[in-house]
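The structure under discussion appears below in the form of structure tokens.
Within every chain, numbering begins at 1; the chains are lettered A, B, ... in the order of the sequence lines, protein sequences first and strands thereafter.
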Amino acid sequence: MTDEIRVRIAPSPSGNLHIGTARTALFNYLFAKKEGGKFILRIEDTDAERTKQEYIDNIFDSLKALGLNWDEGPDVGGEYGPYTQSERFDIYPKYAQILLDKGYAYECWCTNEELEQEKEEAVKNHKAYVYSRKCLNITPEQREQYIKEGRKPSIRFKVEHKELIFNDMVKGELKFDTSLIGDFVIMKSNGTPTYNFAVVIDDMLMKISHIIRGEDHISNTPKQILIYEALGAKVPEFGHLGMILAPDRSKLSKRHGATAVSDFVKEGYLTDALINFVALLGWAPSDSVEIKTVDEIAKDFRIKEISSSNSIFEYDKLNWMNGQYIKKMDISKLTDMIIPFLSDYDLSELSREKLEKMVEITREPLTTLKDIQKDVPYFFGEDVPLDEVKELLTTELSKNVLNKFMELAQKWDFTNEQELHDDLQKLRDDFKANFGYKPKETMWAIRAAVTGRTRGADMVGILTILGKDKVLRRIKNAMNLQVGV
RNA sequence: GCCCCCAUCGUCUAGAGGCCUAGGACAACACCCUUUCACGGUGUAGACAGCGAUUCGAAUUCGCUUGGGGGUACCA
């Protein structure tokens with residue numbers, strides 16, 4: 001038999017792809033990449049109530065956007081399909097029957113009420129709840145009786161009492177006393193498998209060799225190992241990752257803001273930055289260069305070096321990282337990505353060339369793509385509101401500067417950036433030499449008149465994008481303000 | 001209640017007995033650069049949860065305590 005490395009991510013489509021699931025997917029992907037293995041996607045849609053097609057689509061799209069492409073999955077197929085659990089319902093009873101036949105499992109006819117009672121008893125006695133095995137040795141007569149009553153049995157796995165030890169890839173040796181586990185249900189009375197049973201059967205049949213998942217699954221692991229053993233199957237290697245927590249140290253949930261990858265995208269985060277950031281939660285590069293592509297990370301990835309503790313999801317570093325990616329991104333690509341965030345403006349006012357220019361000169365302070373919205377209103381429309389800069393514009397200084405600008409700019413070429421830059425430079429220098437105006441004061445007057453603001457993008461860039469006519473008109477408007485005072 | 005996991009600056013982490021007067025990144029603060037905001041640059045401040053034990057020597061090993069997280073289902 002081959003000992004091919006095969007890992008999987010098995011999200012359940014009861015919501016959009018969670019950032020935590022994305023991180024688990026990433027670590028699986030990295031492991032597969034590093035070890036030359038296969039990365040498999042399986043959809044665990046056993047819970048028909050909560051499953052929605054839109055969630056399935058969202059999971060596919062998000063994973064793809066993050067660059068985590070799978071080798072086998074529901075859409076691309078593969079040798080060990082189907083890769084959607086709901087299409088595998090006929091498989092599980094067969095294996096349950098094998099367990100039944102071998103004596104590793106038995107029927108349980110207990111009602112919910114009976115089970116509830118046992119549980120209450122356990123808490124009262126300060127003991128761990130363990131199923132009583134009431135139905136383990138049931139008489140044929142009793143069984144007949146239950147059937148007559150119309151009861152349907154569930155199937156329980158008979159847990160062998162022993163010390164179970166396994167070596168976790170990230171946490172090291174983990175020990176469990178299986179006598180504390182209790183015989184758990186593997187097939188519900190309605191004929192569908194429970195999670196713990198379905199995963200084992202699927203992972204076994206799909207020949208998954210390494211299971212990397214969140215540590216919320218640690219307590220499932222001994223149960224699953226027991227099933228593998230009972231079936232005489234090879235037990236895979238397990239690795240349990242710490243969880244991602246919200247800043248208040250509780251589980252990351254909707255009340256903390258974005259949780260799904262698609263939420264972050266809507267907020268203006270780049271998937272490249274997101275996946276890079278999430279990789280740094282629990283893993284550190286050996287060369288301390290933190291900005292890296294997934295492929296670069298894969299080369300440097302060693303699963304044993306993943307931190308085994310939980311980590312808190314703080315936006316500060318994500319924001320910084322997103323900004324880094326925005327600064328480095330190709331302008332044309334960035335422009336395409338930014339356009340959806342500019343729906344408040346009439347983009348037809350600007351040529352593609354000018355739009356890209358606008359993006360180029362406004363990208364620097366951005367942390368998210370969405371931030372650009374508030375930075376660009378003055379690139380659109382004829383006039384610009386001057387309320388905020390009224391005081392600044394009515395000073396003696398501004399009056400002088402604007403007058404001079406008006407006079408000189410008539411002759412300037414607004415399509416030549418270099419020339420325009422030099423012209424402005426000269427203007428600043430002259431005012432400094434003749435009137436003692438600080439360069440920034442000179443520029444403030446112009447900026448205020450043209451944009452209605454005291455801060456913003458590079459002035460030369462703004463002037464080129466707006467063009468001479470619009471600029472002069474806005475300057476004139478600002479000067480009218482002065483006359484009125 | 002019971003079982004399990006975790007514990008280095010505010011946050012993410014480096015650290016696998018002496019290299020640690022504990023390193024880096026983000027955030028904070030200061031200064032520099034500058035046509036503004038920003039970017040960038042240079043600095044400052046900031047941590048081994050506590051207590052015992054092992055050892056010549058402990059952030060690193062062991063135990064306890066405390067704190068945080070997870071599980072405890074015929075959910076996944």
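The gap from the P atom of B:A14 to that of B:G52 amounts to 28 Å, rounded to the nearest Å. Nucleotides B:C37 and B:A16 have their P atoms positioned 44 Å apart, rounded to a whole Å. One P atom belongs to B:C5, the other to B:U65, and the distance between them is 15 Å to the nearest Å. Taking the C1' atom of each, B:C29 and B:A45 are spaced 8 Å apart, rounded to whole Å. Separating the P atom of B:G17 from that of B:A76 is a span of 44 Å, rounded to the nearest Å. Using P as the reference atom, B:C4 and B:C51 are 27 Å apart when rounded to the nearest Å. Between B:C32 and B:A38, the distance separating the two C1' atoms is 15 Å to the nearest Å. Nucleotides B:C62 and B:G68 are separated by 22 Å at their C1' atoms, to the nearest Å.
In this structure, A:Ile244 atom CD1 and B:U11 atom C1' are separated by 14 Å, rounded to whole Å. Residue A:Ile326 contributes atom CD1, which lies 13 Å from atom C1' of B:A38 at whole-angstrom precision. Computed from coordinates, the A:Phe313 CZ to B:G68 C1' distance equals 20 Å when rounded to whole Å. Rounded to an integer number of Å, the gap from A:Ile446 CD1 to B:C37 P is 16 Å. Summarising the geometry, the separation between CD1 on A:Ile218 and P on B:U72 is reported as 13 Å, rounded to the nearest angstrom. Spacing between atom CD1 of A:Ile291 and atom C1' of B:C39 amounts to 14 Å, rounded to whole angstrom units. Whole-Å rounding puts the A:Glu305 CD to B:A14 P distance at 8 Å. Regarding A:Leu252, its CG atom lies at a distance of 14 Å from the C1' atom of B:U11, rounded to whole Å.
The A:Asn220 side chain lies nearest to B:A76 when the options are B:C74, B:A76, B:C6. Considering only the side chain of A:Lys251, B:G70 comes nearest among B:A25, B:C74, B:G70. Nearest to the side chain of A:Glu215, among B:U35, B:C74, B:G69, sits B:G69. For A:Lys188, taking side-chain heavy atoms from C-beta onward, the closest of the listed nucleotides B:U35, B:A76, B:C37 is B:A76. In the set B:U11, B:G24, B:A76, the nucleotide with an atom closest to the side chain of A:Glu314 is B:U11. Relative to the side chain of A:Leu174, the nucleotides B:A73, B:C5, B:G71 differ in distance, and B:C5 lies closest. Candidate nucleotides B:C12, B:C74, B:C4 were compared by shortest atom distance to the side chain of A:Phe176, and B:C4 ranks first. You'll find that the side chain of A:Glu290 is closest to B:A25, out of B:A73, B:A25, B:U35. Of the candidates B:A27, B:G71, B:C74, the closest approach to any side-chain atom of A:Trp320 belongs to B:A27. Distances from the side chain of A:Asn310 to the nucleotides B:U35, B:A25, B:G69 place B:G69 closest.
When Watson-Crick and G-U wobble pairs are counted only if both distances are under 3.5 Å, B:U34 pairs with no nucleotide at all. Within the shown strands, B:G1 is the pairing partner of B:U72 under the Watson-Crick or G-U definition, both distances less than 3.5 Å. Using Watson-Crick or G-U wobble geometry with both donor-acceptor distances under 3.5 Å, B:C39 finds no partner in any strand shown. Shown here, B:A28 forms a base pair with B:U44; the pair counts as Watson-Crick or G-U wobble because both key distances fall under 3.5 Å. Across all strands shown, B:G63 forms a Watson-Crick or G-U wobble pair, both distances under 3.5 Å, with B:C51. Shown here, B:G18 forms a base pair with B:C56; the pair counts as Watson-Crick or G-U wobble because both key distances fall under 3.5 Å.
As judged by a 4.0 angstrom heavy-atom cut-off over every strand, A:Gln324 is placed among residues touching the sugar-phosphate backbone only. Among the atoms of the strands shown, none is found under 4.0 Å from any heavy atom of A:Ala198. Within the 4.0 angstrom heavy-atom criterion, no nucleotide atom of any strand lies near A:Gly242. Among the atoms of the strands shown, none is found under 4.0 Å from any heavy atom of A:Lys438. Residue contacts shown for A:Glu44 are limited to sugar-phosphate atoms, with no base heavy atom under 4.0 Å away. A:Thr194 comes within 4.0 angstrom of sugar-phosphate atoms only, judged by non-hydrogen atoms across all strands, and of no base. Residue-level contact check: A:Gly214 touches neither bases nor backbone, having no heavy atom under 4.0 Å from any strand. Among the heavy atoms of the strands lying under 4.0 Å from A:Arg249 are primed sugar atoms or P, OP1, OP2 only; no base atom is included. Across all strands shown, A:Lys440 has heavy atoms under 4.0 Å from sugar-phosphate atoms exclusively, and none from any base. Within the nucleic acid shown, A:Ser154 comes within 4.0 Å of at least one base atom, counting heavy atoms only. Looking at heavy-atom distances under 4.0 Å, A:Asp177 makes no contact with the nucleic acid at all. Counting non-hydrogen atoms under 4.0 angstrom, A:Lys124 reaches nothing in the nucleic acid.
When the options A:Ile208, A:Asp203, A:Val7, A:Asp202 are evaluated for a side chain to side chain contact (heavy atoms under 4.5 Å, CB included) with A:Ile40, the one that passes is A:Ile208. Partner of A:Asp183 under the salt bridge (charged side-chain N to carboxylate O under 4.0 Å, His left out) criterion, chosen from A:Lys223, A:Lys134, A:Arg133: A:Arg133.
Classification of A:Glu44 and A:Arg213 as a salt-bridged pair fails, no side-chain N sitting under 4.0 Å from a carboxylate O. Here A:Asp330 does not pair with A:Lys328 in a salt bridge; the nearest charged N to carboxylate O distance is not below 4.0 Å. A salt bridge links A:Asp287 with A:Lys292; the closest basic N to acidic carboxylate O contact falls under 4.0 Å.
A 6.0 Å sphere centred on CD of A:Glu391 holds no more than 12 heavy atoms belonging to other residues, nucleotides or ligands. Heavy atoms of other residues, nucleotides or ligands lying less than 6.0 angstrom from CZ of A:Phe313 number more than 12. Heavy atoms of other residues, nucleotides or ligands lying less than 6.0 angstrom from CD of A:Glu388 number 12 at most.
Neither OP1 nor OP2 of B:A76 sits under 4.0 Å from any side-chain N or O of A:Gln224. Applying the 4.0 Å criterion to OP1 and OP2 of B:U13, one finds that A:Ser311 has a side-chain N or O inside that range.
Mapping A:Arg23 and A:Arg50 onto RNA chain B via the closest heavy atom, the residue that lands nearer the 5' end is A:Arg23. Each of A:Lys171 and A:Ser250 lies near RNA chain B, and the nucleotide nearest A:Lys171 is the one positioned closer to the 5' end.
With 3.5 Å as the limit, one finds a donor-acceptor pair spanning the side chains of A:Asp422 and A:Gln418. Of the N and O atoms on the side chains of A:Asn196 and A:Thr194, not one donor lies less than 3.5 Å from an acceptor on the other residue.
For A:Ser308 against B:C6, no side-chain N or O and base N or O form a donor-acceptor pair under 3.5 Å.
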